[in-house]
Amino acid sequence: MRKGRIIAICVAAALALLAWFAADIPFYTFEEPLSRASLTSVMDGEALSFTYENDAITLHGAENATVYGLTLSGVAEIPNGQADGFPSDSLGALAAVKPAYQADTDEDDVAEAVIDAAKTDMEYTQEYHATTSAFLDSRLPFEATLSERHVFTFTLNGSPLANAQIDATLADGRTVSLTTDASGASDALSINDIRGGVQFTYRPDNATTYRLNYCVEDNTVFSLRWLSAMMPFTLIILIALVCIILDVTLRKRLYQKNGLPESRVKITHKGEGFRLPRFGFEMIRWMVMLLSFVLLIWGGKLLGSALFNVELPILACPYNLDQLTSAGCYWFSHIDVLLGLPIGEILWFVGSFVVCAVLFGRMLCGFVCPLGFIQDVMHQLRQALHVEGVPLNERIYAMLRLIKWCLLLLFLGIGLIGGSFCDFCPAITLSPALAGFKTSIYFSGFMMVAVLVSGFFKRRCFCNICPMGYLLGLPHKVSLARLKKDAVACTECGACYEACPMGIKSIFTIREGKDERAIDVTTADCIFCGECIRRCPEDGALYMTLAGKRIYTASRMQFMRDYMNREKERSK
Ligand code: SF4
Ligand code: SF4
Ligand code: SF4
């Protein structure tokens, strides 16, 4: 036994090492934002402003304007306001300033000195936390800098503009009055408000007006940029489809060769087929999954940034800056970065993980994780197409456990040796792309193909090897969600084990406990999908509780209804 474990650990370590080398295999890479971006100045008589679409930055109303770029070595002038390739040390922020001129912009019939400027910030699209890109230079006298996507800091000649009144005119014509605090910051506007551009106006006195047009790139769904960001994921779907078709064709051939009956040779089967989730637990689970999927991809855009500091421990993705909450997976897979944070932030992360894991545990897998949802969708697709699934035996489950240990090793350890788990994580291919963020994909592209194909043939296959799922399952002994069994009602038919996507045999085999009518069969692997309960033919033999309250119970009546529907489908 001990020898077997040592061999397993050695194999896991070797596989993890192999995977470390595989990290750099590119699947679909975008050029660095600075090399793919271009800047063109146009003299179209419009107000001095930038527009920024699909890496093409255009400066409008460029007459007499001087264009500056922020570089590592300071503020640099961009000759003629044109740049097809930015300097290698460019930080991605651009500004244009016109010489002061006299005009009456406040309509008090007295002309004042007007200083027009424009600014755009490319870094917003690429960084985990939108970095501050402040020029802090008197050549851009009035400046606004976006940080953390919901705080603007205003400076005048490089110094914070404390307790100042600034008007912001939004793309829809609304004007919002901002008051800065002692550090020149205001959180009255978030990135959601300024996607179409914003003009800030500051009048320190009756004789001077500063105007600044600020813009970041918009990533609206179906925009050119969104379509381009979706390229890797589209490729992944196509490859997954080819793999699925190949598998079905090859299996058909194999079955024919082995002389299996005609019904098996067809690969398709008249089984359950597509069916709407049953009203109650199942319906609620699908609705929560769908809602979570939407919120964890576009939630920040839809509902604002109030929950950005909540770190959900699931495989969402921090490269998507539009999700409603943050993704705690980043800190587990970058322990080196986590350890460098102030102790308060480390405690906040660890505390919120423990609270989530104890309160909900792997219910987050069954109800919230976007990667779990996409696997369930693949499963439904297979059912709808009547394609036969691939059942796994115990030996394969044991192999999956080995792979899970490898991934766990990588997940927690790779950051400490200078690597990044994000190069392997399938979530990075899904969430940022759907939100319109162009993210280069390495080995994780192949992982996502495997997630889709395996999820098609075997429900939640990836969840069997997911390291985050494993960590969420650790406190299962104290978590509020429980799966219970009434050993008196159970007839040991084994339907629950057959239905379980995580291959948990103990729900079927355990028959003894303190109270035989309520034996706790919760395990670290259970994702609380409720499939075992749905498939159990005995009234009350299996049930799920949350904080002691029953939320789902096996019912013979429901089982019979499902059974009749399946039979009806078969006889068509
Ligand atoms: S186990 Fe599945 S559902 Fe849970 S975090 Fe991992 S991918 Fe998501
Ligand atoms: S034990 Fe039941 S609820 Fe848990 S994963 Fe298996 S089928 Fe889902
Ligand atoms: S499906 Fe229900 S009756 Fe059958 S073994 Fe599982 S718990 Fe027992």
Side-chain angles (χ1 to χ4, degrees), residues 281-282 285 289 292-293 296 312-317 327-329 332-333 353 356-357 360-376 379 397 400 404 407-408 411 425-427 430-431 447-448 450-452 454-455 459-473 476 481-511 519-546 551-556 558-559:
F281 177 88
E282 222 189 333
R285 192 175 82 86
M289 275 200 296
S292 306
F293 186 79
L296 286 169
L312 276 189
I314 45 169
L315 285 189
C317 183
C329 57
F332 279 122
S333 58
F353 171 75
C356 280
F360 304 109
R362 290 196 79 171
M363 251 193 165
L364 290 170
C365 296
F367 285 72
V368 178
C369 178
L371 215 55
F373 172 71
I374 206 95
Q375 291 177 82
D376 275 356
H379 168 77
Y397 277 120
L400 290 179
K404 177 171 74 184
L407 280 181
L408 187 68
F411 188 53
C425 179
L430 173 75
S431 172
M447 288 287 281
M448 191 59 175
V451 169
L452 295 181
S454 63
R459 188 172 193 171
R460 294 275 186 146
C461 190
F462 178 77
C463 291
N464 282 276
I465 59 170
C466 173
M468 180 54 99
Y470 172 80
L471 293 179
L472 267 178
H476 72 278
R482 321 263 9 129
L483 190 64
K484 296 205 171 170
K485 177 170 168 176
D486 179 345
V488 178
C490 171
T491 53
E492 294 181 71
C493 67
C496 48
Y497 173 49
E498 262 179 46
C500 177
M502 304 298 287
I504 303 169
K505 199 171 183 183
S506 55
I507 41 169
F508 155 54
T509 52
I510 290 183
R511 299 204 52 81
I519 302 170
D520 197 330
V521 287
T522 318
T523 64
D525 288 332
C526 178
I527 58 170
F528 299 95
C529 63
E531 270 309 287
C532 51
I533 298 177
R534 182 170 81 83
R535 290 301 189 92
C536 174
E538 303 302 335
D539 268 333
L542 272 179
Y543 56 95
M544 199 183 287
T545 62
L546 185 62
I551 55 171
Y552 192 27
T553 306
S555 146
R556 172 171 277 272
Q558 288 296 355
F559 172 84

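Numbering of ligands and ligand atoms starts at 1, following listing order.
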Acceptor/donor pairs from residues 500-511 side chains to any protein atom, 3.5 angstrom cut, sequence neighbours excluded:
residue: Lys505; atom: NZ; partner: Glu394; partner atom: OE2; Å: 2.7
residue: Thr509; atom: OG1; partner: Lys505; partner atom: O; Å: 3.3
residue: Arg511; atom: NE; partner: Glu492; partner atom: OE2; Å: 3.4
residue: Arg511; atom: NH2; partner: Ala487; partner atom: O; Å: 2.8

Worksheet item: Starting from atom 4 (Fe) of ligand 3, which protein heavy atom do you reach first, and at what distance in Å?
Response: Cys493 SG, 2.3 Å
Worksheet item: Taking atom CG of Leu472 and atom CG of Leu312, what is their separation to the nearest 0.5 Å?
Response: 9.5 Å
Worksheet, complete the sentence: Output for pair (Tyr552 OH, Thr545 OG1), nearest 0.5 Å, gives 15.0 Å
Worksheet item: Hey, what do you get for CE (Met447) to CD1 (Ile465), rounding to the nearest 0.5 Å?
Response: 5.0 Å
Worksheet item: Which protein non-hydrogen atom lies closest to atom 2 (Fe) of ligand 2, naming both residue and atom, and how far is it?
Response: Cys532 SG, 2.3 Å
Worksheet entry | Atoms of ligand 2, numbered as shown, that sit under 4.0 Å from any heavy atom of Met502 | 5 (S)
Worksheet item: For the atom pair CD (Glu538) and SG (Cys496), what is the distance rounded to the nearest 0.5 Å?
Response: 11.0 Å
Worksheet item: Just wondering, more than 12 heavy atoms not from Tyr543 lying within 6.0 Å of its OH?
Response: yes
Item to complete: Sum up the protein N, O or S atoms located under 2.8 Å from atom 2 (Fe) of ligand 1.
Response: 1
Response to the item:
Under 4.0 Å between heavy atoms, the region of Glu492 that gets near ligand 3 turns out to be backbone
Item to complete: Can you sort out which atoms of ligand 2 are near Ile507, meaning under 4.0 Å from one of its heavy atoms?
Response: 1 (S)
Worksheet item: For the atom pair CG (Leu364) and CG (Leu315), what is the distance rounded to the nearest 0.5 Å?
Response: 11.5 Å
Discussion item. Measuring only between side-chain heavy atoms, which start at C-beta, is Leu296 closer than 4.5 Å to Ser431?
Written reply: no
Worksheet entry | atom 6 (Fe) of ligand 2 - nearest protein heavy atom and its distance | Cys500 SG, 2.3 Å
Discussion item. Tell me the protein heavy atom at minimum distance from atom 8 (Fe) of ligand 3, and give that distance in Å.
Written reply: Cys490 SG, 2.3 Å
Fill in: Distance flag, aromatic centroids of Phe353 and Phe332, threshold under 6.0 Å
yes
Worksheet entry | Expected output: side-chain Ser333 to main-chain Phe411 donor-acceptor under 3.5 Å | no
Worksheet item: Where do Gln375 and Cys461 come nearest, in terms of heavy atoms and distance?
Response: OE1-N, 3.4 Å
Item to complete: Run the numbers for me: atoms of ligand 2, each under 4.0 Å from some heavy atom of Pro501, listed by number.
Response: 7 (S)
Item to complete: Using a strict 4.0 Å cut-off to heavy atoms of Glu538, name the atoms of ligand 3 that fall inside it.
Response: 3 (S)
Fill in: Residue portion contacting ligand 3 (non-hydrogen atoms closer than 4.0 Å) for Leu542
side chain
Practice prompt. For atom 3 (S) of ligand 3, find the nearest protein heavy atom and state the residue, atom name and distance (0.1 Å precision).
Written response: Thr491 N, 3.4 Å
Discussion item. At under 4.0 Å between heavy atoms, is it the side chain or the backbone of Ile533 that contacts ligand 2, or both, or neither?
Written reply: neither
Fill in: Residue Arg362 vicinity, atoms of ligand 1 by number, heavy atom under 4.0 Å
1 (S)
Fill in: atom 1 (S) of ligand 2: nearest protein contact (heavy atom, Å)
Leu483 CD2, 3.6 Å
Worksheet entry | Subset of ligand 3 atoms that lie under 4.0 Å from at least one heavy atom of Pro537 | 1 (S)
Worksheet item: Does Ala499 reach ligand 2, in the sense of a heavy atom lying below 4.0 Å from it?
Response: no
Discussion item. Quick one about Thr523 and Asp525 (side-chain donor to acceptor, distance below 3.5 Å, no hydrogens or angles considered), yes or no?
Written reply: no
Worksheet, complete the sentence: Output for pair (Lys484 NZ, Leu542 CG), nearest 0.5 Å, gives 12.5 Å
Discussion item. If I take every N, O or S atom of Cys526, is at least one of them less than 2.8 Å from atom 8 (Fe) of ligand 2?
Written reply: no
Worksheet item: Quick one: do Arg534 and Glu531 make a salt bridge, cutoff under 4.0 Å?
Response: yes
Fill in: Heavy-atom closest contact (Gly366 atom, Arg285 atom, distance)
O-NH1, 2.7 Å
Worksheet item: What atoms of ligand 3 come within less than 4.0 Å of a heavy atom belonging to Phe508?
Response: 5 (S)
Discussion item. If we only consider heavy atoms of Ala554, is any one of them less than 4.0 Å away from an atom in ligand 3?
Written reply: no
